[in-house]
Each structure stands twice: as structure tokens, then as C-alpha cells.
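We're numbering straight along the sequence, starting at 1.
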Amino acid sequence: MTGSKAFTAVHQALVGKLGPSVRFDDGHRAVYASDASNYRQVPIGVVVPASLEEFVAGVRICEEHGAPILLRGAGTSMSGQTVNHAVVFDLSARCNHILELDPLARTALVEPGVICDALRDRAEEFGLTFAPDPSTHSRCTLGGMIANNSCGPHSVMAGKTLENVEALEIMTCDGERFWVGPTPEDELERIIAAGGRRGQIYRDLRDLRDRYAALIRERFPDIKRRVSGYNLDQLLPENGFNVARALVGSEGTCALTLQARVRLVKSPAVRVVLVLGFPDIYVAADAVPEYQRFGPIAIEGLDRAIIRGLQARGLAQDEIALLPDGDAWVVVEFGGDTLADALAQAGRAEAYFSARPAGPVPSCRVISDPAIQKRVWSIRENGASATQLSIDPSIPDPQVGWEDAAVDPLRLGDYLRGFQALVDRYGYRTSLFGHFGDGCVHARVTFNVRTVEGVATFRAFLREAAQLVVDCGGSLTGEHGDGQARAEFLPIMFGEELMEAMRAFKRIWDPKGLMNPGKLVDAYRVDENLRMGPAYKTVNIHTRLNFGSPEGDGFQRAIEHCVGMGRCRSEKGGTMCPSYRATKDERFSTRGRSRLFWEMLQGEVIQDGWRSQPVKEALDTCLACKGCRSDCPTHTDMASYKAEFLSHYYENARRPRQALTMGRIGDWAPWAARLPWLANLMTQNRYLAPWAKKIGGVAAQRDLPRFARRPYRRQHPPAAAGRKRVILWVDTFCEHFHPEVAAAAVGVLKHAGYEAVLPDKPLCCGRPLYDFGYLDLARERLRKILDVIGPQLGEAGADHDGPVAIVGLEPGCMSVFKDELLKMFPDDPRARQVSSMATLLGDFLHQAGYQPPRLDRDVLVHAHCHQKSLFGTKGDVALLAAMGARARHLDSGCCGMAGSFGFNPEHAALSLAVGEQSLLPAVRAAAADTIVLTNGFSCREQIRQSAGREVMHLAELLHLAITQQPATAAQAT
């Protein structure tokens with residue numbers, strides 16, 4: 001398919017049949033142009049089918065028009081097989097149903113868009129699991145895993161995806177649908193005799209098998225992790241002519257999966273890990289036979305490079321502290337029906353290694369607590385992505401590209417020594433980690449692909465690396481697939497005769513060559529389509545916020561933080577990305593928005609720079625929750641990117657009404673508070689409120705907050721200065737709408753032995769300004785704060801008798817001091833001082849050693865997004881435990897209100913959808929006498945308006961405990 005006319009024809013035909021499922025706009029084309037690999041190819045367009053039947057209809061239309069087709073799951077490929085100049089079908093959004101789960105047969109029937117963890121969670125209800133679990137298990141799809149033959153740590157327990165596929169319903173590009181699986185010889189003959197397209201396919205496959213059987217047996221490596229090439233060995237008689245498993249790992253180049261029947265295995269009820277620390281990764285790899293003798297269900301190795309990289313960035317320090325001494329680590333996991341059983345297995349292994357008869361004796365640590373195990377595993381799952389940008393400008397960024405070669409586990413140590421010698425000879429640096437139990441090693445190498453000379457060196461290295469792994473009897477890929485990253489070098493592994501067999505295999509299925517062309521066979525060169533190759537533009541642009549990080553400065557460098565691993569697409573746990581979770585629209589994920597920014601800077605697909613409508617549209621649904629700042633392994637900071645973009649966008653566009661009403665609430669609220677009865681008449685009266693909302697650009701279904709009868713400062717004049725003072729930051733919302741929260745905080749601080757004083761003048765942090773790009777105005781607010789508070793804090797430096805902290809109540813406002821303040825004034829020592837002293841009430845009291853009175857109540861806790869991202873909840877959790885409250889801490893993500901976001905008429909429905917994912921159902925289900933606790937003003941409004949429950953702030957809860965108890969001496973350190 002070539003030319004704009006053909007492009008228009010297939011577009012029109014798809015729209016005529018599938019309507020809004022067809023998305024050929026620049027925004028969608030931009031976000032699907034890249035995956036987690038080195039490659040980029042702009043698609044013809046995107047289709048997000050509402051059902052499998054829509055998918056089938058769309059594929060048939062593409063075939064009729066000769067349009068290439070790419071079926072994509074979560075788009076986390078590191079080898080480039082999920083990008084192409086094709087019509088991309090994304091089944092992850094709506095073709096994602098678990099159709100059947102049979103615990104007796106231990107099978108499940110799934111649509112291709114089902115998330116791996118969704119199936120595992122469902123299976124766990126019956127004590128079962130789907131064994132393959134790549135590090136992307138929280139977002140990768142079963143269809144993608146089947147296309148890729150994915151694995152993960154627990155392939156030691158039950159094999160690759162291939163061994164866990166029982167049967168597939170597939171569709172050929174020309175519309176033929178049928179089930180495939182193991183095929184006894186008599187059934188094979190019946191299928192061939194029946195004729196038709198299916199019969200012809202089976203006849204050709206049989207002939208292919210018969211012709212190449214001897215060569216397949218001779219040349220295919222006999223290792224667990226042979227993922228490279230097509231699985232022609234599955235057509236052999238000894239493997240049951242298993243057509244389903246022959247298609248596993250074919251990367252969407254042959255047939256399309258419509259349904260899959262997969263195998264489930266017993267999930268150990270209890271897991272225990274033994275972490276071993278070795279002096280280097282090579283001796284750790286030499287010990288694979290020793291780990292295996294104890295029957296573990298996972299064996300994972302990790303070298304020092306990732307750990308040192310995390311330490312250099314100040315990341316995962318608490319998790320790293322859990323590791324025993326060493327410069328390389330192996331995590332050996334054991335499973336059992338009981339804790340005693342699992343501990344006994346780990347204990348036997350620990351006893352052996354503690355008195356190891358030969359070789360270095362490793363340090364050992366047995367971990368039985370599931371929460372601590374999860375933290376150790378997080379190093380392995382997230383560490384490589386978190387360190388994928390270099391912090392030394394003289395060293396290129398570590399790249400995927402030689403990502404996951406596999407050898408016989410018994411030869412792993414020798415292979416790693418040979419590979420490191422090759423890396424050293426080329427002057428590269430690398431990190432080594434992976435699935436030691438199966439001999440599969442991941443490596444991030446400092447390839448320089450930004451120059452023509454660097455690309456030539458990159459090619460030469462890959463050719464030698466391919467020869468090395470073949471010399472070791474291994475596979476070029478043991479997990480991530482060939483795609484474009486390794487396909488060019490498959491002849492080194494298989495030889496030209498077997499490569500012709502693989503080309504014939506593809507032609508049998510896809511005679512027109514429309515299925516993901518240029519991947520796996522007849523492939524693009526490894527140095528084509530490079531996303532950040534020699535043609536990559538370096539763009540230096542002025543920004544109002546300072547985008548500095550250990551990995552480098554500037555907006556473009558900040559955008560490069562997103563490496564495409566798609567953690568933001570996870571559907572449970574953490575905070576990010578609430579808009580993606582509610583819509584399943586890739587543009588509305590953190591990764592999607594980052595890709596749009598990337599394309600905006602390059603100027604090919606997104607050509608309007610700061611005026612770009614596709615970028616603006618994607619950012620409009622961003623709640624600026626800051627969840628990505630902490631949840632994303634690379635700490636992509638979309639809230640800041642959004643504020644920066646809007647500040648430029650509105651230089652040439654008119655801001656909406658909400659910018660004046662919601663964005664500048666800190667300006668007009670003090671004036672309205674002078675006549676609160678009049679303000680409330682306008683906003684609360686049943687006849688006047690609809691007009692007030694319409695004028696203010698507020699959603700009709702939302703209630704406007706009620707002004708307090710008197711602002712906090714008028715109710716409580718500034719306190720006299722005592723020896724132990726804190727500055728209490730009374731934000732706009734506590735000042736004018738909920739002064740009772742500030743009053744409670746003053747009482748609690750007094751009970752803890754501290755006098756709360758206010759800034760010398762009323763101040764506003766300007767938090768809502770960022771949502772509308774008012775960065776110049778926000779800077780002035782912050783400069784005023786520094787001018788006013790600076791002298792008060794200066795007292796501490798002079799005589800050690802000044803305030804010891806700036807204690808805040810609203811996490812969104814306090815986050816300004818931790819985040820935006822430093823981006824606005826990176827070189828101002830006053831900003832650093834304010835930021836270092838800013839703290840939330842719970843954290844301050846906990847660090848001060850405060851012991852609150854007892855409170856025998858049930859408490860349902862929802863933490864504000866900014867609190868989770870920038871402060872954490874450790875202080876609040878500790879105080880609630882010290883009170884004896886029966887606290888249930890929700891993993892509830894974002895409330896959905898997100899400041900002014902949920903009040904916007906265009907966002908109200910999305911806001912509610914976000915809240916309904918977890919928070920609001922949990923609140924409604926809570927008993928009537930349960931206290932609902934949250935510190936965020938917007939969270940309070942979402943819960944009150946959407947769930948009909950009143951909410952307490954932590955300050956109010958602590959004050960309640962104080963007032964219900966006899967007066968006691970304050971306990972503080």
C-alpha cells in the first residue's frame with residue numbers, strides 16, 4: 001500500500017465500518033510510533049476495536065486494500081516488533097475479557113487484550129497462576145506474550161509462554177478463522193483432505209516439516225530459552241505437530257490471535273526468598289547448578305551496575321539496604337503450601353551456601369515477609385529502567401539492543417565473562433541481570449547511536465555478540481523476541497537453509513506479506529528506523545520551570561526520561577495514571593503524553609510546537625496528580641511538563657473561564673470571604689447556584705464549596721512566639737473554607753508542645769495556578785513567600801530560636817514547596833531552606849516523637865496523590881497505629897477530583913470514573929460509624945459530593961482523640 005490515495009481509501013473504509021474505533025489522527029499516530037525499543041515507525045493509523053468482531057472486520061478491510069497490519073498489546077517490546085508503518089490494532093483497551101476459567105482442568109480462555117496480572121489474580125482465587133511473568137506483568141497482555149513467547153522469573157517453575165498455551169483461535173490476514181493446537185497424524189490428514197484455505201495451510205506446514213525436520217533437530221539449540229526464530233520444532237512428530245505453539249513467538253507476522261486457551265499451574269500458597277550476595281556476577285552465575293539442586297521456583301541475578309546507578313540517583317535506598325553484602329546478588333525463591341515448608345526449603349539452601357564447600361561463600365538473607373519480598377523484587381523489575389539515562393554526559397545512555405541472549409545455564413558464567421570481555425574491547429559499559437535459572441541475561445549497553453560512526457560500531461558489536469552466543473550454543477533472544485533488534489543476525493544462529501524454511505513458514509500464513517512486515521524474517525537492518533539515531537534533533541528551548549536532574553538539564557532531557565516500559569498502563573496499585581485507567585486511551589497515559597512531547601520536539605508528526613492541539617488534548621485529561629513522579633521508574637514528571645506546556649500554549653490562546661475562577665481562587669477568595677453570606681448566597685442557593693456555576697465554568701453536577709463564616713485568621717489571631725515554634729501554613733482552603741482544620745492543627749501542635757505561628761502576612765502558594773499555565777504569576781507568589789517567610793526562618797540561623805518547621809495541612813499546597821519552588825528558584829538558598837523545612841502535619845509529629853492519645857475507632861484512609869508522591873504516608877500511618885485506631889489504608893489511586901479538574905464540565909464524567917475505580921466504592925461500603933480520613937481538600941469534596949460521606953482531616957482526628965481523653969502531659973522528643 002503506497003500513496004495518500006490508498007491511505008485515504010483504507011481510512012474511509014474503516015471509518016464506514018467501525019466508526020469511532022478508527023483513530024488516524026496525528027495524536028494517535030504519534031503515540032503508537034514508538035515502543036520500549038530503539039526503534040520508531042509512524043503507523044498509517046490506529047484502530048481500537050470495541051470487540052473481536054470489529055477487529056475481524058477491520059483486518060479484512062485492511063487486507064482488501066493491501067494495508068499492512070500490526071497487532072499490538074501493551075507496546076512494551078524492546079526489540080521493535082510493536083512498531084511499524086502499518087494499521088495498528090490495539091486490543092488492550094476493549095478486547096480484554098477472561099471468557100472462562102476452569103480450575104479443575106487448570107485452563108483459562110482469554111481474549112488477547114487480557115492483562116497478565118488480571119489473569120493471575122483471577123487464577124489465584126483457585127490457588128492457581130499463569131506462570132510466565134515478565135517484569136511488565138502488571139500491564140503486558142496475553143496476546144502480546146503469545147506473540148513474543150514471553151517468559152519471566154517463574155519460567156523456572158513452568159516454562160515459557162509456549163509451554164503454557166494449549167490452543168489458539170487464530171485468523172489469517174485474508175480472513176480465515178480456525179482453532180489450532182496439537183494435531184495427531186490422523187487429524188492432520190483429515191484437515192488436509194477437507195481442503196480450503198485451512199487444509200492448504202496444514203498441507204504446506206506438513207511438507208515444510210518433512211523437508212526440514214532433520215535440519216531443525218540439528219540446528220535448533222537445545223536450551224530452555226530458545227526464543228529466536230519461528231518455532232518450527234513444534235511441527236515435528238515428537239512435539240505433536242502443535243500449530244498453536246508453532247505460532248507462539250511469531251510476533252504477529254503470520255496469524256492473529258482471537259482467543260487463547262492457556263494452561264494454569266498450582267501457585268505456591270507461600271513464598272520465601274533467599275538473597276545471596278557474591279563478590280561478582282561471574283561467580284554468582286557459576287553457581288547455577290547449586291541453586292537448581294534445591295528446587296526453587298525462580299533464580300534471578302543482578303550485578304552491581306544497577307545498584308550503583310540507583311544509589312547515584314538517590315533511588316530505592318531502603319530497598320537496597322535489604323540486600324546482603326556483595327557486589328552481585330542472586331534472588332532464589334521457594335514456594336510451599338505452608339510457611340514452614342517454604343522456610344525449610346530456603347533454610348536448607350542457606351545452610352549449604354553458608355558453608356559452601358567450594359568457591360566464594362556468599363552472604364545470605366532469608367526473607368519471609370511478602371511486603372519485604374515485593375520491595376526486593378522491585379529492584380529487579382524497575383532498576384534497569386530507572387538507570388537507563390546516563391548521569392555522566394560523557395557516557396552515552398545505556399541502551400537496549402543486545403538485551404536478552406540465552407545460553408545453557410551450566411555455561412552462564414563462561415558466557416558472561418566472554419560477553420564482558422567483548423564489551424570492554426569495544427569501550428562500552430554494561431549492566432548484567434536476568435533469569436539465571438534459565439541462562440537468560442539482560443544487558444543495557446552504552447551504545448552510541450547518535451552518530452554515523454557510533455552506529456557502525458554498534459552494528460559490528462552486535463554481529464560479534466551474536467557469534468559469541470551461538471558459539472556458546474545459545475539463542476540470540478531468550479525472552480524479548482527478535483523483532484528488528486536481532487532479526488538481521490538470525491542467519492548466524494540458524495544458517496541460510498533454515499532461514500529459508502522460516503521465510504517459507506511466513507509465506508504459508510501470509511502470502512501477501514502484510515503481517516508486521518520487516519520483522520523477524522526479511523527484516524529491516526538493525527540500524528534502520530532508529531528512534532534516537534543520527535537524525536535525532538537536539539532542541540534547546542526556553543522554559544519557565546527548571547528541568548534539572550541527575551541525568552541532565554533541559555526540557556528535552558526531561559522528556560527522554562520516558563523509556564517506554566509503560567508502568568503507567570498498570571491497572572492496579574499506585575497512583576498513575578488515573579486518566580489512562582479510566583479511559584484505556586494510550587494518549588492519556590504518562591507514556592503516551594511523553595511520546596507526544598517527543599514528537600512535538602522532533603516536529604515531524606506533531607508540527608505546531610507549543611501550539612499543538614494533539615498535545616493540548618492529551619494534557620487536558622492529565623489530573624496533574626504527580627503519581628508518575630514517584631510511581632514511574634524513571635520519574636517522568638508529567639504535571640510539570642503540563643504546566644510548562646500550558647504556559648506557552650496560552651501565550652497564543654485564550655484561557656478558559658475556569659482559569660479565572662478555579663485557577664486564581666487564591667486571588668478572589670479573600671475578597672469573597674469578606675462577605676461570606678453573599679458569596680454563599682450566590683453559590684449555595686438552589687436558584688442562583690446554577691448561574692454561578694455556568695458563569696464560573698463549573699460542571700452543573702458539582703457543588704461549589706461553602707465559605708466559612710469567618711476566615712481562620714479572623715477567628716484566631718497570631719499566637720505569641722514561644723520557644724518551640726512552627727510556622728503553620730494555612731492554605732487558601734483551610735483559611736476560607738475549612739478553618740476548623742487549621743484550628744484543630746493548632747490544638748494538636750500545642751498538645752505536642754509546639755506553638756503554631758502564622759506567616760507575617762497572608763500568603764498563597766499558588767497551587768491552582770499551575771493547572772492553567774500561570775507560571776509567571778506563580779513565580780511572583782513564590783517570590784513573595786520567600787520575601788515574607790525568609791526573615792522568619794532566618795531567626796533560626798541567627799540564634800537557634802526560630803521556627804523548626806513549616807507545617808502544612810493541604811498536601812497539594814505543600815507539594816509546591818517540595819517541587820515547583822525548586823524548579824522556579826533552583827539557585828536561591830532561601831528556596832532550598834523553605835523546601836527542606838516544609839512538612840505535613842503527620843510527618844512532623846511522627847518525627848518529633850509525638851504520642852497521641854488512644855482512639856478506639858475504625859478509620860478508612862485515603863491518601864492525597866501529592867502526599868503519596870512527594871511526602872509518603874509513613875507519618876500518618878505511624879500516628880494512626882500509635883492511637884490504636886483500626887485503620888484501613890486504601891490503595892485507592894487518585895480520587896479523581898484533583899483540585900479544579902473534577903469541577904470542569906469537560907472533565908466531570910472522567911473525574912467520577914476515576915473515583916469509581918476504587919475510592920468511592922470503598923467509601924460507600926464502609927460502615928456508617930467508620931471515620932473517613934483524607935488530608936486533601938479536593939479529595940474531601942469528591943467523597944462528600946460523590947459518596948455522600950463527611951470526611952475528617954488527620955488534624956481533626958488527632959484533636960478528637962485529645963478532646964476525648966483526660967488532659968495529659970505532651971510527649972515529644
Side-chain angles (χ1 to χ4, degrees), residues 121 125 371 571-575 578 581-582 623 625 627 701-703 705-706 733 737-738 740-741 744-745 748 809-812 840-842 852-868 871-899 901-902 908-965:
D121 291 346
E125 298 173 14
E571 297 188 2
K572 64 174 187 175
T575 302
R581 291 183 181 183
L623 285 78
C625 66
Q701 61 266 49
R702 290 298 189 186
D703 296 331
R706 178 185 293 273
F733 308 106
F737 298 98
H738 292 287
E740 69 277 8
V741 173
V748 173
L809 306 170
E810 165 59 46
L840 290 173
L841 177 66
R854 304 284 293 180
L855 185 68
D856 184 23
R857 294 290 298 273
D858 292 313
V859 183
L860 188 70
V861 185
H862 166 73
H864 187 283
C865 295
H866 290 193
Q867 179 174 357
K868 288 181 285 189
F871 299 92
T873 59
K874 182 178 179 180
D876 291 14
V877 170
L879 289 174
L880 288 166
M883 296 171 71
R886 294 180 294 277
R888 177 186 168 202
H889 299 271
L890 296 174
D891 187 5
S892 47
C894 180
C895 75
M897 188 66 85
F901 183 89
L910 177 57
S911 167
L912 187 59
V914 171
E916 291 292 354
Q917 291 187 317
S918 177
L919 172 62
L920 297 176
V923 171
R924 294 189 194 103
D929 60 349
T930 296
I931 295 173
V932 180
L933 182 71
T934 188
N935 296 331
F937 175 79
S938 58
C939 304
R940 174 192 293 260
E941 287 300 307
Q942 178 77 305
I943 292 170
R944 184 182 67 81
Q945 297 189 29
S946 304
R949 292 288 293 264
E950 293 302 321
V951 177
M952 273 194 180
H953 189 283
L954 178 66
E956 295 174 293
L957 186 74
L958 291 169
H959 196 257
L960 176 65
I962 294 168
T963 58
Q964 290 186 358
Q965 298 293 323

Closer than 3.5 angstrom, by distance alone: can the side chain of [X] be matched with the main-chain N or O of [Y] as a donor-acceptor pair?
X: R949; Y: A926; value: yes
X: D856; Y: A885; value: no
X: K868; Y: G893; value: yes

Side chains of S911 and R702: is there a donor and an acceptor less than 3.5 Å apart?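 A donor-acceptor contact under 3.5 Å links the two side chains.
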Closest approach of [X] to [Y] (non-hydrogen atoms, all atoms of both residues):
X: P578; Y: L623; value: CG-CD1, 4.2 Å
X: V877; Y: H889; value: CG2-CE1, 3.5 Å
X: M883; Y: L958; value: SD-CD2, 3.5 Å
X: A947; Y: L920; value: CB-CD2, 4.0 Å
X: V741; Y: A955; value: O-CB, 3.9 Å
X: Q867; Y: D876; value: NE2-OD2, 3.0 Å

With E571 via side-chain hydrogen bond (donor to acceptor under 3.5 Å, both in side chains) - residues at least two apart: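 Expected list: none.
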For H864 and E810, what are the C-alpha separation, side-chain angles and deciding distance, and is it a side-chain contact (heavy atoms from CB on, under 4.5 Å)? CA-CA 9 Å; H864 187 283; E810 165 59 46; 3.6 Å; yes
State the [atom1]-[atom2] distance between [X] and [Y], to the nearest 0.5 angstrom.
X: E956; Y: T963; atom1: CD; atom2: OG1; result: 11.0 Å
X: L840; Y: K874; atom1: CG; atom2: NZ; result: 14.5 Å
X: I943; Y: L919; atom1: CD1; atom2: CG; result: 4.5 Å
X: L954; Y: L880; atom1: CG; atom2: CG; result: 6.0 Å
X: M952; Y: H959; atom1: CE; atom2: NE2; result: 11.0 Å
X: S938; Y: F901; atom1: OG; atom2: CZ; result: 11.5 Å

Any idea how F937 and F737 line up, ring-wise: parallel (<30°), tilted (30 to 60°), or perpendicular (>60°)?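 Rings of F937 and F737: tilted, as their planes differ by 30° to 60°.
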Taking only residues two or more places apart in sequence or in another chain, which ones pass side-chain contact (heavy atoms from CB on, under 4.5 Å) with A878?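 Result, side-chain contact (heavy atoms from CB on, under 4.5 Å) vs A878: H846.
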Set of residues satisfying side-chain contact (heavy atoms from CB on, under 4.5 Å) with respect to R581, sequence neighbours excluded: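 Checked R581 against side-chain contact (heavy atoms from CB on, under 4.5 Å); matches are Q917.
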[X] side chain near [Y] side chain, heavy-atom distance below 4.5 Å:
X: R940; Y: H738; result: yes
X: S918; Y: L890; result: no
X: V923; Y: H862; result: no
X: K572; Y: D121; result: yes
X: E916; Y: P921; result: yes

How far apart are the C-alpha atoms of L960 and I931, what are their side-chain angles, what is the distance that settles it, and do they pass the side-chain contact (heavy atoms from CB on, under 4.5 Å) test? CA-CA 11 Å; L960 176 65; I931 295 173; 4.3 Å; yes
